[in-house]
Visitor: 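Following this message is one structure expressed as structure tokens.
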Amino acid sequence: MSTKVVVGAQWGDEAKAKIVDYLAGEADIVARFQGGANAGHTVIVGDRKFVFHQIPVAAMHPDKICVIGNGVALDPVGLIQEIAELEAEGISLEGRLFISPHAHLVMPYHKLLDRLIDESKGKGKIGVTGRGIGPCYRDKAARTGIRAGDLLDHGLFREKLSANLWEKNRILAALYEHEPFDEQPIAEEFMTLGERIVPCLTDVSLYLNRAMTDGKRILFEGAQGTFLDIDHGSYPFVTSSNTTAGGACTGTGVGPTKMDEVIGVVKSYTTRVGSGPLPTQFEGEFQERMRKQWGEYGATTGRGRRCGWFDAVLVRYSARINGLSSLALTRLDSLDELDSIRICVAYEVRGKRIEDFPWQPGLLTECTPIYEEMAGWKTDTSEVRGFDELPDRARDYLGRISALTGPPISIVSVGPERNQTIVVK
Ligand code: IMP
């Protein structure tokens, strides 16, 4: 391996962190390329639990270089706090955290506007994480954003802040009857934060491309999931970045011909947090029971996630959009106790069977899943370490998922611990 991209192939929360942490063991450098503090990546090592929001999960490995690419919406307040929390756990990032000067900064007004804009949508609200992601990327697209590199020049930073506040304070007053922001305290806070960020600024594209020439192994760590992609997801119920594999190129400055492998992480079932359709969603009491049993609550916001059966239509689409080389399937053990397990193989919509994820606006809400049902294996798989040792029915389940979606399965996870990982030969 030299370069691997890991992306979520569902709606985020596929337990990517566990897979990234595992693969980071074989990498020299791990780079985040999109999203920001909206992500919550949980890694469990023994009785210690770590939640990463902006820093690549590879920080757990003391010898790995951590990179934050230009595609990330960087919240410097959260970042410094995250660094301090890791330091308190004995994990130092000194000399091994590199940040692109082109990463856009999440400002205090982005966080406030994120909440106000979403609340103002009433029934149509997206259910954002409130981390300022949408408004930050909005400014990036409008070419008015402030970037990490602007922290190098106090005068320029102040000028950009002033121009932004001129606009944001008017919007806050006119649309939301909200108090304006004061420039001085923000400028002072960001200059202090800048003292910590500036030493990490690096030409990430140059660094990664040189590292590849030197034979270094690079892992690109995606956040969120394919159906939250701003272009290819279930718009408008999406996040504001490209969560799909192409984002690894645009979000770091590494060309597509340099990517060797793309691994899509899927859970053995489907979950979704926030608003938007979820065709295979469990009904009634079963929903509540499984959410509790599986502990499906967000690492960033604590919100309950909606749970449903594995949806092969979605993952087939993910395989195409991301050009997946293989799937890493997590939480197989979560299905151990079920008597029977369903897989959605196609949808029925307006009397027709469709095999492909619909492109027509709103049609997903009308889709009824067509299921195949399999008998459960009713065996504890959490201690299994070899693919051949899995119960026959569990292997059949995995085989069916691969056949229905396209890519082979390269990794199966049977628990949160590092060693609860099966590499499929
Ligand atoms: P935003 O990214 O905060 O703008 O939120 C937009 C949508 O993406 C909302 O439905 C969120 O719940 C969802 N979302 C954002 N980040 C994550 C994540 O890391 N996992 C799952 N859903 C997410």
Side-chain angles (χ1 to χ4, degrees), residues 6-20 32-43 51-57 71-75 78 82 104 106-107 109-121 123-141 145 221-244 247 251 264-267 269-278 281 291 294-308 314 318 330-331 364-365:
V6 178
V7 292
Q10 293 160 323
W11 264 293
D13 309 318
E14 299 92 350
K16 286 182 294 298
K18 150 91 200 254
I19 301 298
V20 170
R32 274 282 304 267
F33 55 88
Q34 48 69 230
N38 49 350
H41 294 157
T42 309
V43 181
V51 183
F52 294 87
H53 296 285
Q54 300 187 75
I55 294 173
V57 163
V72 170
L74 183 71
D75 172 5
E82 205 172 326
H104 278 250
V106 175
M107 305 299 292
Y109 46 81
H110 289 142
K111 293 182 194 171
L112 176 64
L113 282 166
D114 200 16
R115 198 165 50 72
L116 294 175
I117 293 169
D118 209 35
E119 276 167 11
S120 74
K121 289 183 178 148
K123 247 177 44 205
K125 81 174 186 181
I126 288 161
V128 296
T129 60
R131 298 300 188 270
I133 303 299
C136 177
Y137 282 120
R138 183 192 257 197
D139 281 353
K140 173 178 177 172
E221 174 184 340
Q224 290 84 45
T226 296
F227 290 90
L228 291 173
D229 185 282
I230 184 80
D231 288 291
H232 301 289
S234 47
Y235 194 89
F237 301 105
V238 294
T239 191
S240 301
S241 62
N242 283 118
T243 58
T244 44
V265 186
V266 290
K267 250 188 311 215
Y269 49 96
T270 314
T271 59
R272 177 159 204 189
V273 67
S275 320
L278 174 61
Q281 186 168 332
R291 177 189 297 152
W294 290 338
E296 286 293 355
Y297 299 92
T300 300
T301 59
R303 291 179 296 174
R305 300 173 184 145
R306 288 174 284 150
C307 304
L314 292 184
S318 276
T330 63
R331 301 202 62 156
L364 194 58
T365 50

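One is the number of the first residue; the rest follow in order along the sequence. In each ligand, atom 1 is the first atom listed, and ligand 1 is the first ligand listed.
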Visitor: Pick whichever of Gln224, Arg305, His53 has a heavy atom sitting closest to atom 17 (C) of ligand 1.
Guide: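 Among Gln224, Arg305, His53, the closest heavy atom to atom 17 (C) of ligand 1 comes from Gln224.
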
Visitor: Where is the nearest protein heavy atom to atom 23 (C) of ligand 1: which residue, which atom, and how far?
Guide: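 Looking at atom 23 (C) of ligand 1, the protein heavy atom closest to it is Leu228 CD1, 3.5 Å.
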
Visitor: Calculate, to the nearest 0.5 Å, the distance between atoms CZ and OG belonging to Phe33 and Ser241 respectively.
Guide: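 Reported to 0.5 Å precision, the distance equals 8.5 Å.
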
Visitor: Just need the protein heavy atom nearest to atom 3 (O) of ligand 1, so name the residue and atom and give the distance.
Guide: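 I find the closest protein heavy atom is Thr129 OG1, 2.6 Å.
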
Visitor: Taking only heavy atoms of Ala39 into account, list the atoms of ligand 1 that are under 4.0 Å away from them.
Guide: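 Matching atoms, with element in brackets: 19 (O).
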
Visitor: Among all protein heavy atoms, pick out the one at the shortest distance from atom 10 (O) of ligand 1; state its residue, atom name and that distance to 0.1 Å.
Guide: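 Protein heavy atom with the smallest distance to atom 10 (O) of ligand 1: Ile126 O, 3.3 Å.
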
Visitor: List every atom of ligand 1 that sits less than 4.0 Å from any heavy atom of Val273, numbering the atoms from 1 in the order shown and giving each element.
Guide: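 Per the distance check, 10 (O), 12 (O), 21 (C), 22 (N).
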
Visitor: For residues Asn242 and Gln34, determine if any side-chain heavy atom of one lies less than 4.5 Å from a side-chain heavy atom of the other.
Guide: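 No; the side chains remain at least 4.5 Å from each other.
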
Visitor: Looking at ligand 1, does any of its N/O atoms fall within less than 3.5 Å of an N/O of Thr239?
Guide: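 It does: an N or O of Thr239 is found under 3.5 Å from an N or O of ligand 1.
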
Visitor: Will you find, in the side chains of Asp139 and His104, an N or O donor that is under 3.5 Å from an N or O acceptor?
Guide: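 There is no such pair between these side chains.
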
Visitor: With atoms numbered from 1 as shown, which atoms in ligand 1 lie under 4.0 angstrom from a non-hydrogen atom of Trp11?
Guide: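 So the answer, numbered in order with elements, is 21 (C), 22 (N).
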
Visitor: Check each heavy atom of Thr301 against ligand 1 and say whether those closer than 4.0 Å belong to the side chain, the backbone, both or neither.
Guide: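 Near ligand 1, Thr301 shows nothing, with every heavy atom at 4.0 Å or more.
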
Visitor: What are the two closest heavy atoms between Asp229 and Thr243, and how far apart are they?
Guide: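 For Asp229 versus Thr243, the nearest heavy atoms are OD2-N, 2.9 Å.
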
Visitor: Which residue from Gly274, Gly35, Ala223, Gly127 reaches closest to atom 11 (C) of ligand 1 through any of its heavy atoms?
Guide: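 Minimum heavy-atom distance to atom 11 (C) of ligand 1 goes to Gly127.
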
Visitor: Could you list the atoms of ligand 1 found under 4.0 angstrom from a heavy atom of Asp13?
Guide: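 In order of numbering, the contacting atoms are 20 (N), 21 (C).
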
Visitor: Do other residues, nucleotides or ligands put more than 12 heavy atoms under 6.0 Å from Tyr297 OH?
Guide: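 Yes.
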
Visitor: Measure across Phe227 and Val238 and return the closest heavy-atom pair with its distance rounded to 0.1 Å.
Guide: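 Distance-wise, the nearest heavy atoms are O-CG1, 3.7 Å.
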
Visitor: Give me the nearest non-hydrogen protein atom to atom 7 (C) of ligand 1 as residue plus atom name, then the distance to 0.1 Å.
Guide: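 Result for atom 7 (C) of ligand 1: Val238 O, 3.7 Å.
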
Visitor: Measure across Thr239 and Ile133 and return the closest heavy-atom pair with its distance rounded to 0.1 Å.
Guide: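 Residues Thr239 and Ile133, closest heavy atoms: OG1-CG2, 3.8 Å.
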
Visitor: When you measure from atom 5 (O) of ligand 1 to every protein heavy atom, which one gives the shortest distance, and what is it?
Guide: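 For atom 5 (O) of ligand 1, the nearest protein heavy atom is Val128 CA, 3.5 Å.
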
Visitor: So, regarding Asn38 and ligand 1 (criterion: nitrogen or oxygen to nitrogen or oxygen, under 3.5 Å), is there a contact or not?
Guide: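 Yes - when backbone and side-chain N and O of Asn38 are compared with those of ligand 1, one distance drops under 3.5 Å.
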
Visitor: Check whether any N or O atom of Arg131, backbone or side chain, sits under 3.5 Å from an N or O atom of ligand 1, and answer yes or no.
Guide: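 N/O-N/O distance below 3.5 Å does not exist for this pair.
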
Visitor: Taking both backbone and side-chain atoms of Arg303, is any N or O found less than 3.5 Å from an N or O belonging to ligand 1?
Guide: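 Yes, Arg303 has an N/O under 3.5 Å of an N/O on ligand 1.
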
Visitor: Do Thr129 and Arg131 pass the side-chain hydrogen bond (donor to acceptor under 3.5 Å, both in side chains) test, and can you show the C-alpha distance, the side-chain angles, and the key distance before you say yes or no?
Guide: CA-CA 6 Å; Thr129 60; Arg131 298 300 188 270; 5.2 Å; no

Visitor: Between Asp13 and Arg305, does at least one N-O distance fall below 4.0 Å, as a salt bridge requires?
Guide: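 Yes, Asp13 and Arg305 are salt-bridged.
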
Visitor: Looking only at heavy atoms, what is the nearest atom pair of Thr330 and Lys267, with distance?
Guide: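 For Thr330 versus Lys267, the nearest heavy atoms are OG1-CG, 3.3 Å.
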
